[in-house]
Amino acid sequence: MPIPYGDHLAANLATAAPHGIDAFIDLFGPQYVQLAVDLGIPPDRIETIISFGKAAQYGTKNSGSADGSTREVLTEMAAHAASGRIEIPIAATYPLHRVRNAFTALEQRHTLGKIVLIP
């Protein structure tokens, strides 16, 4: 069941999962690592790809983009995308000179897919 962000998020999560939350993935910012800790989720069951300071503070996992962005992994993913084995949805494309517009769209946090800059 989706739980919307906003006021009372901790209470809404606790209500939705009265027996506790098994794991937590933070893809946005340090307040969510703190939220997971406050909810009593064990640090080894909390993952963040962005909040490295909080990960160090609480001993949570922090593997993510850097670990998955090796030449080998990216080559394999590109081959899968090219073959059609995986599909990467594209929300929008922007010419490079409109990079500011691309970031404005990204900041809205409502894209369904990747935003691509075209040189």
Side-chain angles (χ1 to χ4, degrees):
M1 134 180 27
I3 307 295
Y5 291 94
D7 295 337
H8 314 293
L9 179 58
N12 292 341
L13 287 168
T15 298
H19 302 293
I21 298 172
D22 295 327
F24 196 100
I25 300 173
D26 165 45
L27 305 174
F28 190 73
Q31 67 271 28
Y32 296 107
V33 171
Q34 185 67 55
L35 172 63
V37 169
D38 292 346
L39 289 170
I41 300 167
D44 67 333
R45 302 286 294 161
I46 300 170
E47 168 77 44
T48 182
I49 65 165
I50 194 165
S51 303
F52 302 112
K54 285 290 185 181
Q57 179 180 351
Y58 291 111
T60 68
K61 297 178 182 180
N62 64 359
S63 59
S65 183
D67 295 336
S69 297
T70 65
R71 178 185 306 258
E72 294 79 19
V73 169
L74 293 175
T75 299
E76 182 179 352
M77 295 302 291
H80 287 316
S83 73
R85 186 167 181 202
I86 61 170
E87 182 178 323
I88 301 170
I90 304 299
T93 60
Y94 293 87
L96 194 52
H97 70 274
R98 289 188 50 216
V99 67
R100 189 177 305 254
N101 299 99
F103 273 98
T104 298
L106 182 63
E107 288 172 344
Q108 300 302 309
R109 305 233 178 257
H110 295 293
T111 57
L112 298 175
K114 297 297 182 184
I115 294 176
V116 178
L117 294 172
I118 307 293

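Worth saying up front: this structure is predicted, and the values here are computed from it rather than measured.
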Please determine whether residues [X] and [Y] belong to a single hydrophobic cluster, defined as Ile, Leu, Val, Met, Phe, Trp and Tyr linked transitively by side-chain heavy-atom distances below 4.5 Å.
X	Y	result
Y58	L35	yes
Y94	V99	yes
I49	I25	yes
I86	V73	yes
F28	V37	yes

I need the [X] [atom1] to [Y] [atom2] distance, nearest 0.5 Å.
X	Y	atom1	atom2	value
L96	L117	CG	CG	6.0 Å
T104	R98	OG1	CZ	10.0 Å
H80	T75	NE2	OG1	11.0 Å
K61	E47	NZ	CD	6.5 Å
H8	T15	NE2	OG1	11.0 Å
K54	T48	NZ	OG1	11.0 Å

Of all heavy-atom pairs between [X] and [Y], which one has the smallest distance, and what is that distance?
X	Y	answer
A91	L112	CB-O, 3.8 Å
A17	I21	CB-CG1, 3.8 Å
A55	N62	CB-CB, 3.7 Å
K114	I88	CG-CG2, 3.8 Å
Y32	F24	O-CE2, 3.4 Å
A23	I41	CA-CG2, 4.2 Å

Set of side chain to side chain donor-acceptor pair (under 3.5 Å) partners for D7, sequence neighbours left out: none

Candidate pair D26 and T60, rule side chain to side chain contact (heavy atoms under 4.5 Å, CB included), full reasoning: CA-CA 11 Å; D26 165 45; T60 68; over 6 Å; no

Heavy atoms, side chains only, cut-off 4.5 Å: are I3 and L9 in contact? yes

